[in-house]
Amino acid sequence: SLTDKLQSIFRNLKGKGKLSEKDVKAALREVRLALLEADVNYKIVRDFIKKIQEKAIGQEVFESLTPAQQVIKIVNNELSELMGGTQSKIEMAQDPPTIILMAGLQGSGKTTTAGKLAKNFKSSGRSPLLVAGDVYRPAAIKQLQVVGERVGVPVFNMGTAKTPPEIALASIGHAKSNNNDVILIDTAGRLHIDEDLMEELQEIKKVVGPHEILLVVDAMTGQDAVNVAKAFNDELGITGVVLTKLDGDARGGAALSVRAVTGRPIKYVGLGEKLDALEVFHPDRMASRILG
Amino acid sequence: LVRGRKLDDEFYEELEDILIQADMGIDTVMEMVEEIKEEARVKKIGESEEIFPIVQEKIEEILLEQGGGLNWAEEGPTIIMVVGVNGVGKTTSIAKLAYQFKKEGKKVLLAAADTFRAAAIDQLELWAQHAGVQIIKHQEGADPAAVTYDAVKAAVSRDVDVLMVDTAGRFHNRKNLMEEVGKIKRVIDRELPNAPHEILLVLDATTGQNAVSQARSFNEMLDLTGIVLAKLDGTAKGGIVVSISKELNIPVKYIGLGEGMEDLQKFDSREFVEALFE
Ligand SMILES: Nc1nc2c(ncn2[C@@H]2O[C@H](COP(=O)(O)OP(=O)(O)OP(=O)(O)O)[C@@H](O)[C@H]2O)c(=O)[nH]1
Ligand SMILES: Nc1nc2c(ncn2[C@@H]2O[C@H](COP(=O)(O)OP(=O)(O)OP(=O)(O)O)[C@@H](O)[C@H]2O)c(=O)[nH]1
Ligand SMILES: [Mg+2]
Ligand SMILES: [Mg+2]
């Protein structure tokens, strides 16, 4: 583990004192490796290591800690702070319905997450509506309908003949006349470099004015996470992130990359295929997981 | 990075960055850059232009150590099992392969052995219709091994050339799910000698180092015969297959380049390596 590696680096540090530049640099070389192995983007790693170096050099080693533990503590605190610290739940709109737009790459978990959020809202007394905005993927509408059935939430769809912006717009009227106070719009997976499909999302945003735009990101995403997050944020303006498939054993460095490049909070994490497998994001737990 | 650069620490650091950015994994990258530095020293290379062919060669070497084609059955149907974690592109890759085989004049049968995920059977059924191939399916919630058994029986009795078995996405750290996929393999093996002839792991090209862990676990349980690298039409480079090739020697057989039935290509290591540097 990282702790063991750092312990061996600091084995020669006799007793207490200050963390020297040489010791900190040696330790941070190991931290850099750990972060890269965890899929944190290499540029983000570089900036992060620089920041830690400034903080750590010259620090007094605490009574109760070894120098290795001290460095880990600094890194862990910095990571947790970087990833948390802001509102991590979905805010209800002043005048309902609250409109939430799901966006992200193919297969990231949007449809399943929409179902999980719907179940969540229902159990907290809301009246959610799922909207089938994916008119491309074979059986996408059916998938959302089955999900809706499983969580006891209605699904609004207009088949595959209408465009997603049309469907999104029509869903608002439907929600109002059925007293739904939260609308969750599922969309097709798309590449951030697909101009037409990115424009489609911008069109949906323009016609319904979502209160939340959630970027759904697979926890096993590698270096590409920054490209995806930056593009979606630059072109759409996301308000939050959902990190899915955290029940796998990926270290999840994408979490740090996405947070660093967009500044947006990770609001929820997906922890399984079942529709109750959704949790609020815990930055400190994520930090330890990334560090390994 | 390219022309007339001095081969100093900064140059090699930038080379490392390019390879890391491609998801080649820090250990593989560090090892490779050390070898390149050594080769440059021994061959007295001073020009940065000459380094690139060396890098490309090294990566291609790792990727070419394996055979690329599919293992076709000597007689009777060829059985191909497709596995992988959730959402990587298994079902869509099967649709693409089905279409490809159909175009080659083969008689194709699909098995909807993902009986778990919402509308998974519907999804594969629509693809079967689209590609013009037959499908064996049970109801949702049925035993995947039972669907597979029926499909193998049907493949023989209908005298098909190739049967492809679609399985549910599953994480490799779920022991019961990995045992389920092992059971599916055993069912096929029991019914037909030498089958399944291919067990393909589908990997999402946007995946980072966890892909190595996925490959290891699925390989341990199933003895994989190949990899399909899907979603290579994005900006991710899929460098994970380099570490996987090095460590496990599993060949990449196909790449997915989009969401349509035609968006599949045979893996070409030269083109792959060239794309790494674009
Ligand atoms: N284990 C696990 N599986 C998940 C999680 N979230 C989604 N999945 C699975 O991942 C796969 C893809 O999920 P979808 O909800 O279909 O993903 P999507 O983003 O809607 O996909 P597209 O619409 O094709 O872009 C399915 O097999 C889901 O069951 C999670 O948190 N954990
Ligand atoms: N851009 C792109 N998208 C792809 C590719 N292959 C699959 N997809 C998309 O990725 C999403 C998931 O594909 P599926 O075939 O359902 O993946 P799966 O592995 O069967 O998913 P589960 O059965 O839920 O585990 C769909 O939206 C596909 O259209 C590819 O090569 N390129
Ligand atoms: Mg979907
Ligand atoms: Mg599937």
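Small disclaimer: the values here were computed from a predicted structure and weren't measured.
When every heavy atom of Asn173(B) is checked against every heavy atom of Gly248(A), the shortest pair comes out as ND2-C, 3.5 Å. What you find for Ala139(A) and Ala119(B) is that their closest heavy atoms are O-CB, 3.9 Å. Between Asn86(B) and Lys245(A), the closest heavy-atom pair is O-NZ, 2.9 Å. When all heavy atoms of Ile20(B) and Gln223(A) are compared, the closest pair comes out as O-CG, 3.2 Å.
Residue His172(B) touches chain A through its side chain alone, counting heavy-atom pairs closer than 4.5 Å. Heavy atoms of Glu16(B) lying under 4.5 Å from chain A belong exclusively to its side chain. Looking at Asp194(A), neither its backbone nor its side chain comes within 4.5 Å of chain B, counting heavy atoms on both sides. For Asp249(A), the parts lying under 4.5 angstrom from a heavy atom of chain B are both the backbone and the side chain. In this structure, chain B has a heavy atom under 4.5 Å from the side chain of Glu273(A), while its backbone stays farther away. Neither the backbone nor the side chain of Leu144(A) comes within less than 4.5 Å of any heavy atom of chain B. Proximity to chain B (any heavy atom under 4.5 Å) is restricted, for Leu191(A), to the side chain, taken from C-beta onward. For a residue to count as touching a neighbouring chain, one of its non-hydrogen atoms must lie under 4.5 Å from one of that chain's; by this rule Ser213(B) touches chain A with the side chain only.
The local environment of CD in Glu35(B) is crowded, with over 12 non-hydrogen atoms from other residues, nucleotides or ligands closer than 6.0 Å. The neighbour count for Asp4(A) CG, taken as heavy atoms of other residues, nucleotides or ligands under 6.0 Å away, is above 12. Within 6.0 Å of atom NZ in Lys58(B), more than 12 heavy atoms from other residues, nucleotides or ligands are found, so the atom counts as buried in its surroundings. Within a 6.0 Å radius of CZ in Arg174(B), no more than 12 heavy atoms belonging to other residues, nucleotides or ligands are found.
At a threshold of 4.5 Å between non-hydrogen side-chain atoms, the residues Glu37(A) and Asp27(B) count as touching. In this structure, the side chains of Asp17(B) and Arg46(A) come closer than 4.5 Å at one or more pairs of heavy atoms. Side chains of Met220(A) and Val85(B) form a contact here, defined as non-hydrogen atoms less than 4.5 Å apart. A 4.5 Å side-chain heavy-atom check between Gln106(A) and Thr92(B) finds every atom pair outside the cut-off. For the pair Gln143(A)/Arg117(B), a side-chain contact is recorded, criterion being any heavy-atom separation below 4.5 Å from C-beta on.
Counting heavy-atom pairs closer than 4.5 Å to chain B, the top residue among Val146(A), Leu36(A), Asp39(A) is Asp39(A). Contact tally against chain B (heavy-atom pairs below 4.5 Å) for Pro138(A), Gly109(A), Gly189(A): the top residue is Pro138(A). Across Gly87(B), Ala230(B), Ala118(B), the residue that shares the most heavy-atom pairs under 4.5 angstrom with chain A is Ala118(B). Annotation: maximal heavy-atom pairing with chain A below 4.5 Å, among Val88(B), Asp233(B), Leu124(B), Ile240(B), occurs at Asp233(B). Of the listed residues (Arg251(A), Arg137(A), Glu149(A), His192(A)), the one with the most heavy-atom contacts under 4.5 Å to chain B is Arg137(A).
The NZ atom of Lys231(B) sits 7.5 Å away from the CG atom of Leu105(A) when rounded to the nearest 0.5 Å. Remark: Tyr42(A) OH to Ile18(B) CD1 distance equals 8.0 Å, nearest 0.5 Å.
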Verify salt bridge (Lys or Arg N to Asp or Glu O under 4.0 Å) between Arg150(A) and Glu140(B), making sure each step is shown before the conclusion. CA-CA 13 Å; Arg150(A) 289 181 183 172; Glu140(B) 200 184 277; 2.6 Å; yes

